[in-house]
Asks: 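Starting off with a structure, shown below.
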Amino acid sequence: MKIGVFDSGVGGITVLKDSLRELPNQDYIYYADIANVPYGTKPKEEVKRYVFEAVEFIAEKEVNALVIACNTATSIAIADLRKVFEFPIIGMEPAVKPAVEKNRTKKVLVTATPLTLKEKKFQDLVSKIGSEDIIEPLPLPKLVEFAENFIFDEQTVLSHLREKFSTYNLNQYSSVVLGCTHFIFYKDLFRKIIPESVNIIDGNVGTVNQLKKKLKESKGKLGNGEIVFYSSEKRDEDNKTLRKYIEILE
Ligand code: DGL
C-alpha cells in the first residue's frame, strides 16, 4: 500500500524511519512543506491553509493512508481534514497521557512548538486527563530551525538546550515529553542534560502503532519500501536532500 507521511519539514522523517522499521513492505510518499516551514511560530489560519494545500497534493497521489507526522498540523487541522478526505488520517499529539500514566505525583515538562502549546487541543488534552496541576509547557522553536538547517553539531544544540533548561530543577519532574517531531533528532542530546531518573517520552511509537492498525483494516497489495520525497510540491529528483536525514537516524 502507499502511505503518505507529511510534516512542515524534516521532523516527520523520524516517524517515516520508525514506520519503515515496523512496516518495511509498504511504499511511502514523504512530503516536507519546506516552502512554509516552520509552522509552529505562525498564525493558526495560515498553517491550516498550508496543511490543506499539502494534503490535497498528497491525496492526488492516491495514498491508502496518511500520517500527519507533525504535532502542530495535527492540532490545527486534523478534525477538518478527516471531514474532507476519505482515506484514514493518523495524527500526532504530545505524549502527555503516557507520561502522566507513568507518574502522577511529579511534574511533566511538555516541549513542543509555541503553536501546539497554545492551541485548544493541547489544553483539552491536559484537562481531559486532569493533569493541569502537573503539566508545564516549554516551547522550543529553535530546534526546528536547527533541524531544517541540518545543524546537528553537539556543542551548538547542547548549549541552546542547557540555556532553555537552566531555570528548571529537573529532579522535580517525572518526564519530559518531546511533542514535536523535529525534536526527536536531538533525543540523545536531551538525554545528556536530563537526569536518567526522568523519562523522555515521544509520540512516534503510538503513531506508528495506529498506522499499523489502520492498515490491517484496509485491503491493498504490499509494496517494497520505496520512498518518494517531495519538498513542498516539488519532487526531490536527486533523492538526497531529504534522504540524508534518514541516514542521521541510523
Ligand atoms: N514537526 C512539527 C511538529 O511536530 C512542527 C515544526 C514546525 O514547523 O514548527 O510539531
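In each ligand, atom 1 is the first atom listed, and ligand 1 is the first ligand listed.
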Asks: Are V205 and I13 connected in the hydrophobic side-chain network, where two residues link if heavy atoms are under 4.5 Å apart?
Replies: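 In one cluster with V205: I13, no.
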Asks: Does anything in residues 78-88 form a salt bridge (Lys or Arg N to Asp or Glu O under 4.0 Å)? List the pairs, not counting sequence neighbours.
Replies: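 Passing the test, one end in residues 78-88: K48-D80, D80-K83.
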Asks: Using the six-membered ring wherever Trp is involved, compare the ring planes of F57 and Y31 and label them parallel, tilted or perpendicular (cut-offs 30° and 60°).
Replies: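 The rings of F57 and Y31 sit tilted, inter-plane angle from 30° to 60°.
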Asks: For I129, which fellow cluster members are found when Ile, Leu, Val, Met, Phe, Trp and Tyr are connected by side-chain heavy-atom distances below 4.5 angstrom, either directly or through intermediates?
Replies: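 I129 shares its hydrophobic cluster with V96, V100, V108, V110, L117, F122, L125, V126, I134, I135, V177.
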Asks: Taking the six-membered ring for Trp, are F85 and F87 closer than 6.0 Å centroid to centroid?
Replies: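 So the answer is yes for these two rings.
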Asks: Under the salt bridge (Lys or Arg N to Asp or Glu O under 4.0 Å) definition, can you give me all pairs with a residue in residues 152-169, not counting sequence neighbours?
Replies: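 Qualifying pairs, neighbours excluded: E154-K192.
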Asks: Using a 4.0 Å cut-off on heavy atoms, what residues surround ligand 1? Order them by chain and number.
Replies: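 Lining ligand 1: D7, S8, V37, P38, Y39, G40, C70, N71, T72, T113, V144, C180, T181, H182.
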